[in-house]
Amino acid sequence: MSSPTVPAFTVLGTGSRAPERVVTNDELAKTVDTSDEWIHSRTGIRERRLAGDDDSITHLAVAAARAALADAGLEPAAIDLLIVATCTPDLPMPATATLVQAELGLPAATTCFDLNAACTGFVYAFDTAWALLASGRHRHALVIGAEKMSTVLDWNDRTTCVLFGDGAGAVVLGPAPAGSGIVATKLGAIPGTRDLLLIPGGGSTPLAPGAPRHLQMKGREVFKFAVRAMDEVSRELLASRGLTPADVALVVPHQANLRIIHAIAEYLGLPYDRFFANVDRYGNTSAASIPLALDEACRAGRLRRGDLVLLVAFGAGLTYGGALVRW
Ligand code: UT7
């Protein structure tokens, strides 16, 4: 029985934007009980970018999107689907995607929505965009990860505030040149893990007076989950297409902690030089981390036509997901 041919789609362009303000570990150590030695040895982070009041999510997302459109050689009018992955939107409503649409001058007929899967948000949005393109209802998608994590942190809590940063990354997806294309995606979420990583305030659930409203995390548990989930989803994705870790030319993982990235390399049996990391300079930018790293990897010449690229993430939920792309 023959199945209908689904046209191939792939990444046509990438872009990113981080706020200008660089905050080093030493600077943080002036206001919170920590040190460059502790932060760097436990996480690999040296510095992060922190947004000011002028760096809205919309502003960062638009700058990243413009760079991705220029890289793809496309005008805004070509886009008919826009997804912004974020857990720190500018406003509860309207969706950040509609604000980005207006600033970019995308057509009124563009489908625009936000998606929240925390640090896995970009991979969730990538999968969703691919499915909508493959449905034949859309032709070119902008998929953006943008976060202002600095607004949800308790700057007196050394166990969380040293880990995160702000930024945005974007990709344009569209019809793939012969031989390239998105190969497979896989998403998931573990029920009942709410309390391992959450921001308890800001939604519609009333908080008791004085209850903490900032990001809270059980770091050790999340660390163990991250390594196990990213290893498993990577293997499942590859196996679903008859591939093995050895076939992967470059892994662009969620940038949370360099020790997590080293552990996945070990679990997958891959040399560390097949991984791209920039967590040392940005910290964990949540949904922005993979597109920001992917853009830097492209600009650093780490990706060649025909390479098999693996994007893999984990985050609050607890969620996890991966995408395989033949570059
Ligand atoms: O995108 C998802 C986001 N989340 C993550 O990726 C987090 C995953 N988890 C991790 O990356 C690691 O668990 C952390 C970096 C968060 C923590 O590293 P760890 O090696 O698991 O340290 P720990 O939590 O076991 O803490 C060890 C010690 C504690 O002191 P005691 O109880 O042993 O005396 C902490 O209080 O380190 C202390 N500590 C710090 N010390 C200096 C925790 N944070 C700091 C800090 N500076 N910033």
Side-chain angles (χ1 to χ4, degrees), residues 23-48 50 85-88 116-125 145-150 152-167 169 187-190 193-200 214-231 233 252-267 275 277-280 282-293 311-322:
V23 177
T24 63
N25 293 343
D26 284 334
E27 275 177 85
L28 279 187
K30 289 180 189 157
T31 54
V32 70
D33 181 16
T34 189
S35 64
D36 177 55
E37 201 285 326
W38 191 96
I39 301 170
H40 186 252
S41 65
R42 301 285 178 132
T43 70
I45 299 167
R46 285 282 189 206
E47 60 190 37
R48 71 284 297 138
L50 296 186
T86 185
C87 60
T88 53
N116 178 357
C119 299
T120 321
F122 179 78
V123 177
Y124 264 69
E147 300 281 16
K148 207 165 160 181
M149 296 304 287
S150 55
V152 295
L153 298 171
D154 174 354
W155 287 98
N156 295 311
D157 176 5
R158 68 178 184 174
T159 68
T160 52
C161 76
V162 303
L163 303 174
F164 294 90
D166 302 330
L187 307 175
I190 311 294
T193 54
R194 183 194 97 126
D195 291 344
L196 294 183
L197 180 49
L198 81 164
I199 302 168
H214 295 106
L215 183 146
Q216 298 168 15
M217 179 169 63
K218 296 197 167 69
R220 275 189 206 177
E221 282 96 323
V222 175
F223 189 111
K224 284 183 212 148
F225 163 77
V227 177
R228 196 178 60 245
M230 289 204 283
D231 173 51
V233 76
V252 182
H254 173 45
Q255 308 285 312
N257 184 325
L258 208 55
R259 280 163 55 214
I260 294 177
I261 298 176
H262 278 286
I264 309 162
E266 200 173 308
Y267 274 51
F275 285 71
N278 61 6
V279 65
D280 55 325
Y282 297 102
N284 179 348
T285 57
S286 186
S289 93
I290 286 185
L292 221 166
L311 314 178
V312 64
F314 69 96
L318 294 171
T319 51
Y320 61 88

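Order of appearance sets the numbers: ligands from 1, and atoms from 1 within every ligand.
For ligand 1 and M217, the ligand atoms under 4.0 Å from any heavy atom of the residue are 3 (C), 4 (N), 5 (C), 7 (C). Close approach of ligand 1 to R259 (heavy-atom distance below 4.0 Å) involves ligand atoms 18 (O), 20 (O). Annotation for ligand 1: atoms under 4.0 Å from non-hydrogen atoms of H254 are 1 (O). Here is the list of ligand 1 atoms found below 4.0 Å of a heavy atom in V162: 48 (N). Those atoms of ligand 1 with a heavy atom of F314 less than 4.0 angstrom away are 1 (O), 2 (C), 6 (O). Close approach of ligand 1 to C119 is summarised as follows: ligand atoms under 4.0 Å from at least one heavy atom of the residue are 1 (O), 2 (C).
Ranking the protein heavy atoms by distance from atom 16 (C) of ligand 1 puts L163 CD1, 3.9 Å first.
The closest heavy-atom contact to atom 24 (O) of ligand 1, among the options R158, R42, R220, comes from R220. Comparing A256, A287, G315, A316 by heavy-atom distance to atom 6 (O) of ligand 1, the nearest is A256. Looking at V279, N257, T34, L196 and measuring to atom 11 (O) of ligand 1, the nearest heavy atom belongs to N257.
When side chains are defined from C-beta on, F314 counts as touching V222, because their heavy atoms get closer than 4.5 Å.
Here T43 has side-chain heavy atoms under 4.0 Å from ligand 1, and that is the only part of it that gets that close. At a 4.0 Å heavy-atom cut-off, ligand 1 touches N284 through the side chain alone. Within the 4.0 Å heavy-atom criterion, the part of W38 lying near ligand 1 is the side chain and not the backbone.
Distance check for atom 33 (O) of ligand 1: every protein heavy atom is found at 4.0 Å or beyond. Closer than 4.0 Å to atom 47 (N) of ligand 1 lies at least one heavy atom of the protein. For atom 44 (N) of ligand 1, the protein comes within 4.0 Å by at least one heavy atom. Within the 4.0 Å cut-off (strictly below), a protein heavy atom is located near atom 37 (O) of ligand 1. Of the protein's heavy atoms, at least one falls inside 4.0 Å of atom 8 (C) of ligand 1.
Here F122 contributes atom CZ and S286 contributes atom OG; the two are 12.5 Å apart, rounded to the nearest 0.5 Å. With rounding to the nearest 0.5 angstrom, the SG atom of C161 is 10.5 Å from the CG atom of L215. To the nearest 0.5 angstrom, R46 atom CZ is 9.0 Å from D26 atom CG.
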- Message: Let's go through F223 and I260 carefully: what are the C-alpha distance in whole Å and the side-chain angles of both, what is the deciding distance for side-chain contact (heavy atoms from CB on, under 4.5 Å) to 0.1 Å, and is it a yes or a no?
- Response: CA-CA 7 Å; F223 189 111; I260 294 177; 3.5 Å; yes

- Just do the side-chain contact (heavy atoms from CB on, under 4.5 Å) check on N156 and V32 with the steps written out, would you? CA-CA 6 Å; N156 295 311; V32 70; 5.6 Å; no

- Task: Check the pair D166 / S150 against side chain to side chain donor-acceptor pair (under 3.5 Å), numbers first and verdict last.
- Result: CA-CA 7 Å; D166 302 330; S150 55; 2.7 Å; yes

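Of the listed residues (T120, N116, T193), just one forms a side chain to side chain donor-acceptor pair (under 3.5 Å) with T319, and that residue is T120. For the side chain to side chain contact (heavy atoms under 4.5 Å, CB included) with Q255, the lone residue among I261, N284, L292 that qualifies is I261.
Looking at ligand 1, you won't find any N or O of L197 less than 3.5 Å from one of its N or O atoms.
A donor-acceptor contact under 3.5 angstrom links the side chains of N25 and R48, judged on distance only. Side-chain polar atoms of E147 and T86 form a donor-acceptor pair below 3.5 angstrom.
A side-chain donor-acceptor contact under 3.5 Å links S41 to the backbone of E37.
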